[in-house]
Protein chains: 2
Amino acid sequence: MNQVKQAKRTTIYDLAELAGTSASAVSAVLNGNWKKRRISVQLAEKIMRIAEEQGYALNMQASLLRREKSHIIGMIVPKYDNRYFGSIVETFEDMARARGLFPIITCTRRDPQLEVEAARTMLSYQVECLIATGATDPDRITEMCAAAGVRSLNLDLPGALAPSVISDNFAGARELTRRILKNSEQRLGKMEPLLFIGGRGSDHNTAERIRGFRKAHADLDVAVHEENILACGYAPEKAEKALDERALGGNALPKGMFVNSTISLEGVMRWIRRSGHLDDRSLVLGCFDWDPFVTLLGNGIEMVRQDVPGMLTKVFELIESGANKPVVIQVPPLIPEAQEA
Amino acid sequence: MNQVKQAKRTTIYDLAELAGTSASAVSAVLNGNWKKRRISVQLAEKIMRIAEEQGYALNMQASLLRREKSHIIGMIVPKYDNRYFGSIVETFEDMARARGLFPIITCTRRDPQLEVEAARTMLSYQVECLIATGATDPDRITEMCAAAGVRSLNLDLPGALAPSVISDNFAGARELTRRILKNSEQRLGKMEPLLFIGGRGSDHNTAERIRGFRKAHADLDVAVHEENILACGYAPEKAEKALDERALGGNALPKGMFVNSTISLEGVMRWIRRSGHLDDRSLVLGCFDWDPFVTLLGNGIEMVRQDVPGMLTKVFELIESGANKPVVIQVPPLIPEAQEA
DNA sequence: AATTCTTGCTTCATCGATTGAGCAAGCTTG
DNA sequence: CAAGCTTGCTCAATCGATGAAGCAAGAATT
């Protein structure tokens, strides 16, 4: 870096002066369409050399103000504390960049107020499209975007006003339930109804998973007990508390459980350890979501892994197709080979 | 949303026309300094009402172009696939917002090329400050920022040209090693030297942790064998492979291991299961980094949890103090109470 | 030699928000 | 009632990049 400390940043006007040419020529050269604008190779090379020497960096604000498209794509995401959302964000950034878009992501902590503020801020930054991932009120966000003439899409949780890409929660839950029931039969010698724990009864995914859970029981002629469906929220503490309360409730706890997220599984595992069930093989678990350490817990826990690349591929297809109708696209989750127990 | 579908977004000029006033008054009202500009309460209220009705959203590009400060703060981060970086990102967003800054974050997958590109892009977006987290070449980023007159800071891994905030890796590793050795003595009846696995020998953190690892052995008069220091990289597969190779190497594998990240621990656990060591208590493990599921693995694995809020508090203190000297601030990690084995 | 074409630039308006300067009308003060 | 102050606005330049339109000089065509 062989220049003096500069208070102001270098602009195309500075470069123009240094090169003895006009700002317009500099702009044309630096944004690559200098052939179209008939700038000579000599001048182009000179400008590029000087830009390099000066460590010039485009002022995106000025550029975006002038251009019609921002090429910015926004995503809001509830949390970064599990593999599912982490993978969504990482894959999203990758795929966006591969398409020449600039991804901006913000985490809203499942807070409806923050979601709205984040969406407004993203609109201020002229996003061309906003992906609302796991939003508590996706339709509110779609409305805000629509008012600004910006596209929006829902991911993970569906909305009624914009296209949505979600896992096939029903099919995934049905298969996961079937596997837990089978494992339960194999390990315990009989097939007993399972406990469902975690998630919010009000959210679409949990509702669908409960439906799949019921269906799998029905498929095998096992009756589901209402008291064994505990949509107590996602936090580990909530799962732990719900199990404590359920355990007090007279009837014995089921030996098999369908846990609705890795986050809830943390609470379930803590409860299991605390209540002394850890080492015996009498508990048969399954989890809707994937984490590498869960495999290593060694309890033969079945997992459903949501197909993040598949979902995001659909998201970008929707964006590119320009579709705006509020369809719901369901992507089948991946169910790894059964775990050795 | 009671307006017609609009192709163009509403600007202050549109609002000015609707309110029968000037764009300048609208701007003053909407950015809150209308009292200073002596706009009457009536007009202010009228403008705010109309802005609301029209679903007006500021064009940040135009606003930033004019203003001197962008209030944007950037962060680059290597991965989103573990609790440590997830927590850094979430905490960073929170603390930035609490200070009226707009955080933008991008993931560079430990790819030096991507890091440089990401930094250049962030400079284009006029970030006021860039935090390079776990960067492979932090000094390169500092140089780029300096050339644009932008501040930069290093987090997690130190650099030589900008202030750095990192964990006290030496002290953390020393204490972790001490605990593993103690557990090892308690469980196996004797104190044997440990194996160190994971990380890159070339990175500062791994080097410091190895130093702490050695120091703890020396403190207890235990000799460290060179062949038991395997800085094989972070990926799970690399740890697994390194253990395979080490196992072939004649001498018996140590029963105690210091694992240099949760990511490496995945590989170690897989290797342990594969080689049939899982259920016996002869293996004594510790991990530099924290994940809730590791507690639940039930092998009594000790963990060091890096103090993310503490580190980010230091980061923002540095930013606010305006300090630019390349100091290295070491934040002591948190070592949870010993695990029940 | 006059006309047209091509090459290689420059000029200037523009994007939307911000803000110093200015101005008109009403109100005070001596 | 003239001079000065206050109130409540508007005007116009500006931030940096972009690209349509234009222009001068040389080459090619008639």
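Heavy-atom basis, side chains included; hydrogens, waters and symmetry copies ignored. In what follows, every chain begins at residue 1, and chains take the letters A, B, ... in the order their sequences are listed.
Closest to the side chain of B/Y13, from the set D/dG16, C/dC9, C/dT18, is C/dT18. When distances run from any side-chain atom of A/N31 to the nucleotides C/dT18, D/dC15, D/dG19, the shortest one goes to D/dG19. When the nucleotides D/dG19, D/dG16, C/dG16 are ranked by their closest atom to the side chain of A/N59, D/dG16 comes out on top.
Checking side-chain atoms of B/D139 against main-chain N and O of B/T142 turns up no donor-acceptor pair under 3.5 Å. Between the side chain of A/S70 and the main chain of A/Q126, a donor-acceptor pair closer than 3.5 Å is present. The backbone N or O of A/Y84 lies less than 3.5 Å from no partner atom in the side chain of A/Q306, so there is not a single donor-acceptor pair.
A donor-acceptor contact under 3.5 Å links the side chain of B/S24 to the base of D/dC11. Between the side chain of A/R37 and the base of D/dG19, at least one donor-acceptor pair of N or O atoms lies under 3.5 Å.
One atom, CG of B/L65, and another, C1' of C/dC15, lie 9 Å apart when rounded to the nearest Å. In this entry the distance linking CD1 of B/I47 with P of C/dA17 reads 13 Å, nearest Å. Distance, A/K35 NZ to C/dG8 C1': 15 Å, rounded to whole Å. In this structure, the CG atom of B/D14 is 8 Å from the P atom of C/dG16, given to the nearest Å. For the pair B/I12 CD1 and C/dT18 C1', the computed distance is 8 Å after rounding to whole Å. If you take CG of A/L64 and P of C/dC15, they are 16 Å apart, rounded to a whole angstrom. Atom CZ of B/R67 is separated from atom P of D/dA13 by 23 Å (rounded to the nearest Å). The nearest whole Å value for the distance from the NZ atom in A/K36 to the P atom in D/dA21 is 15 Å.
Both A/N33 and B/S22 lie near DNA chain D, and the one whose nearest nucleotide falls closer to the 5' end is B/S22. Each of B/I39 and B/R66 has a nearest nucleotide on DNA chain D; the 5'-most of these lies closest to B/I39. A residue-by-residue look at A/T21 and B/R38 shows that A/T21 has its nearest nucleotide of DNA chain C further toward the 5' end.
Within the nucleic acid shown, B/S27 comes within 4.0 Å of at least one base atom, counting heavy atoms only. Among the atoms of the strands shown, only primed sugar atoms or phosphate atoms (P, OP1, OP2) are found under 4.0 Å from some heavy atom of A/T11. Using a 4.0 Å heavy-atom distance criterion, B/L58 is classed as a sugar-phosphate-only contact. Residue-level contact check: A/L43 touches the backbone only, with heavy atoms under 4.0 Å from sugar-phosphate atoms and none from bases.
More than 12 heavy atoms of other residues, nucleotides or ligands lie within 6.0 Å of CD in B/E317, so this atom counts as buried by the packing criterion.
Side-chain contact annotation: A/D203 with A/Y234, donor-acceptor N/O pair under 3.5 Å present.
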